[in-house]
Amino acid sequence: MSRTVFLNGDFVKEEEAKISIFDRGFLFADGVYEVTSVMQGKLLDFDGHMNRLERSLNELDFTYIVDREEMRQIHKKLVKANGIDDGLIYLQISRGAADRSFKYPDESVKPTVVMFTQTRDSMKPADPEKGIRVISVDDLRWGRRDIKSVQLLYPSMAKMAASRAGADDAFLVEDGHVTEGTSNNAFIVTPCGTLVTRQLSADILHGITRAAVLRCAKELQMKIDERPFTIEEAQGAAEAFITSASNYVMPVIEIDGKKINQGQPGPVAIRLRDVYLEESLKTAI
Ligand code: PDD
């Protein structure tokens, strides 16, 4: 079925949405994006995503001003027009179309704003009751992973390496420590029950789900340690899991062939997933 998508102020059928071959998103990966989850037809943590979008735009000197109310209306309209009950909305803003040049074009060039929906089924999500298997690969991405830029070739290569190895995803490793997953944040639960995830810095994306899950863990009075961990520590952990808007909280049951929690989703991950979903729905719009 042909979706209704949003392109630069218009709602059009996906076949009719065309952008210039000179778009800097296409030529330079000069663009940022957000992925907002839709559950029961409602947007999860919309403000969190808009905050991060503004931050990414600022870090890259975009002059585009995010009109939050307008963005909310467009998101809601796309959900309705495409009958999305369970899925997500992809939003991308690139610096726009200009003759190819490494320097940014002047401000008369308008950014390209694109939004479209995806149903969760079409993304073939992993089953949280089974969990996922990950491999480790070197983190060879650029040094500003806190910016949600559309430069996603390396994460794509890492995901393909995982797939070729018969796994579902990859943990990226730099200087002997896990930074994050290809498109998610990585957590472990130590044998004594402390929740560990890497601290915020330019090394990782500041996940909206990560922040929400940490809030839930605090409410559950769990011990939290924001610090780097190694693959060896993760392999010896009581549990491991990932967080993202597309997977929520997803248990990791194997790392580089070593089973975690005897290859079963762990109770902390399952509990945090339930609490996260319950809490997120309360503030969903
Ligand atoms: N990815 N780390 C990276 C590198 C990511 O790409 C993502 C999100 C996350 C988790 O962030 P959040 O909880 O805000 O979704 C962490 C999205 C889902 C994607 O690219 O499809």
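- The side chain to side chain donor-acceptor pair (under 3.5 Å) pairs that include a residue from residues 265-274 number zero, where partners must be two or more places apart or lie in different chains.
- In this structure, the side chain of Glu254 does not engage the main chain of Ile132 through any donor-acceptor pair within 3.5 Å.
- By the 4.0 Å N-to-carboxylate-O rule, Asp256 lies too far from Lys258 to be salt-bridged with it.
- Glu34 and Lys148 are not joined by a salt bridge, as no carboxylate oxygen comes within less than 4.0 angstrom of a charged side-chain nitrogen.
- By the 6.0 Å and 45° rule, Lys77 stacks over the aromatic ring of Phe11.
- Tyr33 and Tyr90 have their aromatic ring centers within a separation under 6.0 angstrom.
- Of the possible donor and acceptor atoms, none in the side chain of Lys130 sits under 3.5 Å from a partner among the backbone N and O of Pro265.
- In the displayed structure, Phe116 atom CZ is contacted under 6.0 Å by more than 12 heavy atoms of other residues, nucleotides or ligands.
- A salt bridge links Arg68 with Glu54: the distance from a Lys NZ or Arg NE/NH1/NH2 to an Asp or Glu carboxylate oxygen falls below 4.0 Å.
- With salt bridges taken as basic N to acidic carboxylate O contacts below 4.0 Å, one links Arg144 and Asp146.
- Put simply, the side chain of Val268 reaches to within 4.5 Å of the side chain of Met222, judged on heavy atoms.
- With respect to Lys282 and Glu279, a salt bridge is recorded, a charged nitrogen being found less than 4.0 Å from a carboxylate O.
- Taking the six-membered ring for Trp and thresholds of 30 and 60 degrees, Phe171 and Phe229 have ring planes more than 60 degrees apart, a perpendicular arrangement.
- For Arg95 and Phe62, the positive end sits near the middle of the six-membered ring, less than 6.0 Å away and at most 45° from its axis.
- Remark: the backbone N or O of Val196 is not paired with any side-chain donor or acceptor of Arg227 at under 3.5 angstrom.
- Scored by the ring pair (Phe, Tyr, Trp, His ring centres under 6.0 Å) test, Phe28 finds Phe102 as partners (sequence neighbours excluded).
- Between Asp139 and Arg145 there is a salt bridge, with a side-chain nitrogen of the basic residue lying less than 4.0 Å from a carboxylate oxygen of the acidic one.
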side-chain hydrogen bond (donor to acceptor under 3.5 Å, both in side chains) between Asn247 and Asn184, intermediate numbers included: CA-CA 8 Å; Asn247 276 297; Asn184 43 66; over 6 Å; no
